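See structure below.
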There are 4 protein chains.
Amino acid sequence: MTLRARTPKAKSDRERLLLSAALNVFFSKGFQAARMQDIAEEAGLSKGTVYIYFGSKEEVFQALIDTLAKPNVEHIQTLLQTAPTVTQGLRMMNGFARQLIVETDMPKFLKVLVGESQLFPEIVADYHAEVINPTLQLMERRLDEVVDSGELAVPDTHIAARQIMTPVIFSGLWESVFSKTQTLDYAALLSAHVEALLCAWAPKDTTS
Amino acid sequence: MTLRARTPKAKSDRERLLLSAALNVFFSKGFQAARMQDIAEEAGLSKGTVYIYFGSKEEVFQALIDTLAKPNVEHIQTLLQTAPTVTQGLRMMNGFARQLIVETDMPKFLKVLVGESQLFPEIVADYHAEVINPTLQLMERRLDEVVDSGELAVPDTHIAARQIMTPVIFSGLWESVFSKTQTLDYAALLSAHVEALLCAWAPKDTTS
Amino acid sequence: MTLRARTPKAKSDRERLLLSAALNVFFSKGFQAARMQDIAEEAGLSKGTVYIYFGSKEEVFQALIDTLAKPNVEHIQTLLQTAPTVTQGLRMMNGFARQLIVETDMPKFLKVLVGESQLFPEIVADYHAEVINPTLQLMERRLDEVVDSGELAVPDTHIAARQIMTPVIFSGLWESVFSKTQTLDYAALLSAHVEALLCAWAPKDTTS
Amino acid sequence: MTLRARTPKAKSDRERLLLSAALNVFFSKGFQAARMQDIAEEAGLSKGTVYIYFGSKEEVFQALIDTLAKPNVEHIQTLLQTAPTVTQGLRMMNGFARQLIVETDMPKFLKVLVGESQLFPEIVADYHAEVINPTLQLMERRLDEVVDSGELAVPDTHIAARQIMTPVIFSGLWESVFSKTQTLDYAALLSAHVEALLCAWAPKDTTS
DNA sequence: GATGAATGAGAATTCATTCAT
DNA sequence: AATGAATGAATTCTCATTCAT
């Protein structure tokens, strides 16, 4: 029998442990095929114990989304807001995106979200409302600002915000789905992309 | 009882009907959560009938991949090979990509492939080998040619080939996952992307 | 499509063909595991055709018992009744038993009857009433006669009748169950048995 | 919900309970027609519980054979080996055979083995190799010894060993198949048989 | 009469969830 | 708190039977 988690700290550690185990299992098998047993084993605990922390498999899934998704958003937002220029902000974001893809669970998370998107439309809606949309809107606003300031000449900031995310999603997905089959140089792809955008958005020379 | 399919033609029609039903169900629920019953009902047939045409749920899935994936590849390849210039080829491909996203089952297919990627690694490997890789390599070769001819100045054709696909995948995924929550102007995104690439790859003026 | 059976003769031939196929299939798989498809294939016909001749799988089974069991009984009974002495009758019956085991379907039939005995108690009761019991009673009566006539000194004719059958059943079962694993010389076993019985039943010499 | 079996002892008891239930069900319906549900109900447990102890219906069957068949063999062998004379050994074996038929599950087991013999040829081969053959060979060797010692004059010890088993199998089968229809005095049959054999094998008087 | 496609009831097996220990 | 035995709903797949051709 595993040591009991008596303090609140110990309990929240065990919760995190379970969520991390769950992500791995959901990633490997998908929500439906994932057995509570698998999650328990991945965490080194027993089946019954999972139910002490989460009421059902669906609750584990929901908690996973809530716990893992949001911290990243905040980071991106901080990055965008604190960078002196958008050009720098974009370049810094690239570095962060690379980290996100290679060093975090984001690709696994992305794969799980995509895979279960039709099964849990509320979760998708929620995720859109709390993560995707705020981030895109923040980007859009920042781009509007720099257009006004003349830093960049972005023709359509709405599309531009999405355009920025394009290789991040591509890379995340590649990492989840194809990384075992063929590697991809995410950093190169991301920076080629930013440079292309900056080229396209370069302010027109209006001096002459 | 449904009309019996006695001729080979009628049987192959019914097979197609079932595969189309299966794609919808796999898309909605994922492979695991999809019940054979669901597929049968979607096709207006009974459970047992599905087993006359396919030996198991997995066989339905495999047949789906085989049937739906490959035709699109050929189209893309033709497009690339017949366009007089790469610039035109890319612009035409965008039109095709838009069609692919809005008018075909590609987004559903993409979502299913991503969702089940860990469960069927052989199918993913197969898909990579027969669809993804040949397409990317063809693009890469075409880009190498135009670099040689001076039409474009692509710094890294390997990355460039992937870069081209970036918004296609993004759009396909958006269509699958978020289209009910928020629409996205795929044509605008795709063409903004191509224009950015063409800007970045514009041959340097070496006359002066 | 197989030739149609138009005449009554042709129909009854086809019925026999199906029953023979059924015996093989029931023997190999047991009643439950036998598929109508198997029986049809064994007979070189199609599934639906079996239903033209028999209303259900159970009806096939019933017809099998009725058709195949009874002829043999009549033969045994004739043998016993026409033999001039019981001693000769027993020896002749042995020859017949050997034939029954090696050259007929009796062992298959026995195996099927035993295997399904609990599933079809009425069939077993029927079989007992129409085949087993009459034969045993006839034997018993003949033995009573020869005891009276002084030909043999059988202590208990009821038991004796059963005792006679003992190696026949043993051999039939061995043939069904173990013949592929190890052969058994049925003729030798049967005649050793008869000789032992004749020794035990030899009339006591009461002359001195 | 039934009491939980937590200790190894309780678990092995439950396993035995299930096997005993399984024998009854397999006997009544045959392996194929037996539903796991039936076995569970016969044991007073639920369907799912059977799968905690045995991985599949086939595994239950195999375990049954392993558990129930072998103990009896040992008993017979001990009997034969410890009896001072073969004559006594045979008479004692008869007592044991009667017990086997009336007081143990042997007849049920025999019926099940016969019924499923074609479906599980490996089990039959196994059973022949581990139970039937060793027993027959032991008998044969003992008979060879007594022929040498002059105790009995057995003409063919190979056949004789089989001849001895003849009424045991007959009785076991009768018990399984016909006992509800008509009783049979097994003890009388068995001892009549032994006496007949002893008569046939009596050493020839060579004194005069 | 013959065929085999279609049906749906039924059985093995799995696994989320409960709860006695 | 932790465990894992027990349960039964749910799912895949099979096959007896029907019936359009």
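Quick note on labels: first sequence line is chain A, next is B, and so on, each numbered from 1. The structure displayed is predicted, hence computed values, not measured ones.
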Item to check | S56(B), nearest nucleotide to its side chain (from dA6(E), dC13(F), dC15(E)) | outcome: dC13(F)
Item to check | Minimum heavy-atom distance K57(B)-Q32(B), with the two atoms named | outcome: NZ-O, 3.1 Å
Next on the checklist: Assuming nearest nucleotide by heavy-atom distance, tell me which of G48(A) and G48(D) is located more 5' along DNA chain F.
Outcome noted: G48(A)
Checklist entry - Under 4.0 Å between a side-chain N or O of T49(D) and OP1 or OP2 of dA5(F)? => result no
Next on the checklist: With a 3.5 Å limit on both atom pairs, tell me what dG4(F) is paired to, counting Watson-Crick and G-U wobble, or say none.
Outcome noted: dC19(E)
Item to check | Distance-minimising heavy-atom pair for D38(C) and K29(C) | outcome: OD2-NZ, 3.2 Å
Next on the checklist: Categorize R6(B) for me: base, sugar-phosphate, or nothing, with a 4.0 angstrom heavy-atom threshold over every strand shown.
Outcome noted: base
Next on the checklist: Measure CD/E41(A) against P/dA2(F) and give the value in whole Å, please.
Outcome noted: 17 Å
Item to check | Interatomic distance where CZ belongs to R35(D) and C1' belongs to dA9(E) [whole Å] | outcome: 12 Å
Checklist entry - Want to settle it: does I52(B) or A34(D) sit nearer the 5' end of DNA chain E, counting the closest nucleotide to each? => result I52(B)
Checklist entry - Looking only at heavy atoms, which two atoms of K111(D) and F27(D) are closest? And how far apart? => result NZ-O, 2.7 Å
Item to check | E58(A) or Y53(C), whichever maps to the more 5' nucleotide of DNA chain E | outcome: Y53(C)
Next on the checklist: With a 4.5 Å cut-off on side-chain heavy atoms, are L19(C) and F54(C) touching?
Outcome noted: yes
Item to check | Per K11(D) side chain, nearest of listed nucleotides dC15(F), dA10(F), dA5(F) | outcome: dA5(F)
Item to check | M36(B) side-chain proximity, nearest of dT12(F), dA6(F), dA12(E) | outcome: dT12(F)
Checklist outcome for this item: Atom CD of E59(B) and atom P of dT12(F) are separated, to the nearest Å, by 15 Å
Item to check | Whole angstrom value for the distance that separates C1' of dT14(E) from CD of Q37(D) | outcome: 15 Å
Item to check | Distance below 4.0 Å between K57(A) side-chain N/O and dA16(E) OP1 or OP2 | outcome: yes
Checklist outcome for this item: Y51(A) atom OH is separated from dT7(F) atom C1', nearest whole Å, by 13 Å
Next on the checklist: Can you measure K47(A) atom NZ to dG4(F) atom P for me and round it to whole angstrom units?
Outcome noted: 9 Å
Checklist entry - Rounded to the Å, how far apart are Q32(D) CD and dG10(E) P? => result 17 Å
Checklist entry - Going by the angle between their ring planes, with limits at 30° and 60°, are F61(C) and F31(C) parallel, tilted or perpendicular? => result perpendicular
Checklist outcome for this item: Which of dA2(F), dA16(E), dT14(E) is nearest the side chain of R14(A)? It is dA2(F)
Next on the checklist: Can you identify which nucleotide, out of dT7(F), dT14(F), dT7(E), has its nearest atom closest to the S46(D) side chain?
Outcome noted: dT7(F)
Item to check | side-chain contact (heavy atoms from CB on, under 4.5 Å) partner of L23(A), the single match among L18(A), L64(A), I39(A) | outcome: L64(A)
Checklist entry - Taking for each residue the nucleotide of DNA chain F with the nearest heavy atom, is it F31(C) or F31(B) whose nucleotide lies nearer the 5' end? => result F31(B)
Checklist entry - Hey, is the side chain of R4(B) poking within less than 4.0 Å of OP1 or OP2 on dA6(E), counting only N and O atoms? => result no
Item to check | Rounded distance in Å - CD1 (I39(A)) to P (dC15(E)) | outcome: 13 Å
